[in-house]
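Below is one structure; the comments refer to it alone.
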Protein chains: 2
Amino acid sequence: MTNMNDRPIGFIDSGVGGLTVVKEAMKQLPNENFIYLGDTARCPYGPRPKEQVIEFTWEMTHFLLEKNIKMLVIACNTATAVALDTIKDQLAIPVVGVIMPGTRAAVKATKNKRIGVIGTQGTVKSASYERAIKEKFSQIQVESLACPKFVPIVESNQFHSSVAKKIVFESLRSLKNKHLDTLILGCTHYPLLRPVIQDVMGKDVTLIDSGAETISEVSMLLDYFSIANAENKKKGYTTFYTTGSTQLFDQIAQDWLGKALAGSKQIALGGTDHAS
Amino acid sequence: MTNMNDRPIGFIDSGVGGLTVVKEAMKQLPNENFIYLGDTARCPYGPRPKEQVIEFTWEMTHFLLEKNIKMLVIACNTATAVALDTIKDQLAIPVVGVIMPGTRAAVKATKNKRIGVIGTQGTVKSASYERAIKEKFSQIQVESLACPKFVPIVESNQFHSSVAKKIVFESLRSLKNKHLDTLILGCTHYPLLRPVIQDVMGKDVTLIDSGAETISEVSMLLDYFSIANAENKKKGYTTFYTTGSTQLFDQIAQDWLGKALAGSKQIALGGTDHAS
């Protein structure tokens, strides 16, 4: 064990979605320190071209590398789908995405071998889940559906509203008669809509939130690479950065993480691109 | 994904104990191929000096490396305790031990923060579990106990006998009043004695068999390093080697793994040391 193990674990997302992964991290890894960056100003990533998502993901990554993170969690499905491999190849620290953990959990959960995947346009277009699932078990049928309206509902802090319920109902209608027993919430924003999604899909459908499974992978890799923080070292701080409104970010973070948190700090990424 | 992913995952143990880990592998990883080496002729490892265990573990490792394994599982607590770090440092393939997975499972399971660890003399002397548990949560009390009589009972295929019951009862007597709620089976042979151990400890004590947790780690690392075997590739073979009696090995393997297996092959390791 080195004395560098109290360095934070970094999390990046297009906005507030990755908080659903951080929530699990705070629960499962009480000895660790975390640093979070949500690129709210440029959210959503889902409709953006692949090359741009890769570029933005690199910008977030560089920001956190300067904060001396010891591990990077790409807590965003859209970014994982297109940027994980290249970032992992080029960094000296371990890099974890959310797609393989979600895949493993879903393959384990399904009994009737019919899995649904909902995500952003970018994630669905990448077919990352479908490919990963089929490599594990080719007999599984996968139904993928892009739900472009979900991220904006969450980012605008309307996920408790009746509008949310209506949009979720209309979006998922086409999945209802596919006899799925498992549905992957293939976007880290979606767990904030979980009660509504569960309601629409019915209680017999198992919803897979990759957060818990991703943090199991993080926990294992901390041990594997001997970089876990010991309990007696500096621990338990979480720092939040956003490229957007700190007020909206803090409201959602406090609501979702359920405790008083130090407020987020606003930062700028990628020069002039903020207005896009 | 390379086309080398149908290479087998290697398992090594001092004898038949690692079969309890292989059993979980066959269940959780149906697409993978396995190769197993049990050093039965030199079992038990528990009472041997650390240097000798390291030497024997390297001999097993070299045998499997020649079989072109893509990952090595040290499915033996005694060998993990003293040899994992050095072997992991020196191999180009991923190397997994059984102590950290068992530790994670136990820390997650305990409610009263009192964990017992039973293992060989070598494992208990190394204090590996105690150290790993305390780094995660220093307030947990750990009671360790060496049970040198257990491995010989298993290796001689007497784990169903009344003698086994008597020995387990006597060995664990001193742990009975320690108010443990969790007991780590810190030797891969011990799950074969699980019903007896559970009986002696009482049904309220959670027994941690590191096999399942270890294979979860293997599964994640296969994905992490992109070396999982795809379902449509050559899959599902398991080859067994032992340095001891193939007859006794095959009896225990068939009994424990519960299916008709190709018989094991006998091999020699380390020159003249076999008689020891």
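For clarity, every value in this text was computed on a predicted model and none was experimentally measured. Proteins come first, then strands; the chains are lettered A, B, ... in the order of their sequence lines, and each starts at number 1.
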Report yes if the side chains of B:Met220 and A:Ser216 come closer than 4.5 Å at any heavy-atom pair, otherwise no. yes

Side chain, backbone, both or neither: which part of B:Val107 has a heavy atom under 4.5 Å from chain A? neither

For chain A, which candidate among B:Asn31, B:Asp85, B:Leu221, B:Asn229 shows the most heavy-atom pairs at distances under 4.5 Å? B:Leu221

Would the number of heavy atoms belonging to other residues, nucleotides or ligands and lying under 6.0 Å from NZ of A:Lys125 be above 12? no

Name the region of B:Pro30, side chain, backbone, both or neither, that has any atom closer than 4.5 Å to a heavy atom of chain A. neither

A:Lys113, NZ atom: more than 12 neighbouring heavy atoms under 6.0 Å: yes

Nearest atoms (heavy-atom pairs only) where B:Tyr224 meets A:Val96: CE1-CG2, 4.5 Å

Other residues, nucleotides, ligands: >12 heavy atoms within 6.0 Å of A:Gln90 CD: yes

Among the options A:Gln28, A:Glu213, A:Met100, pick out the one with the most heavy-atom pairs lying under 4.5 Å from chain B. A:Met100

Please check: side-chain N/O of B:Lys136 versus main-chain N/O of A:Ala228, any donor-acceptor pairing under 3.5 Å? no

With a sphere of 6.0 Å drawn around NZ of B:Lys134, does it hold more than 12 non-hydrogen atoms of other residues, nucleotides or ligands? yes

For chain A, which candidate among B:Ala230, B:Ser138, B:Pro101, B:Ser219 shows the most heavy-atom pairs at distances under 4.5 Å? B:Ser138

Which value, rounded to the nearest 0.5 Å, describes the distance between B:Glu231 atom CD and A:Ile133 atom CD1? 12.5 Å

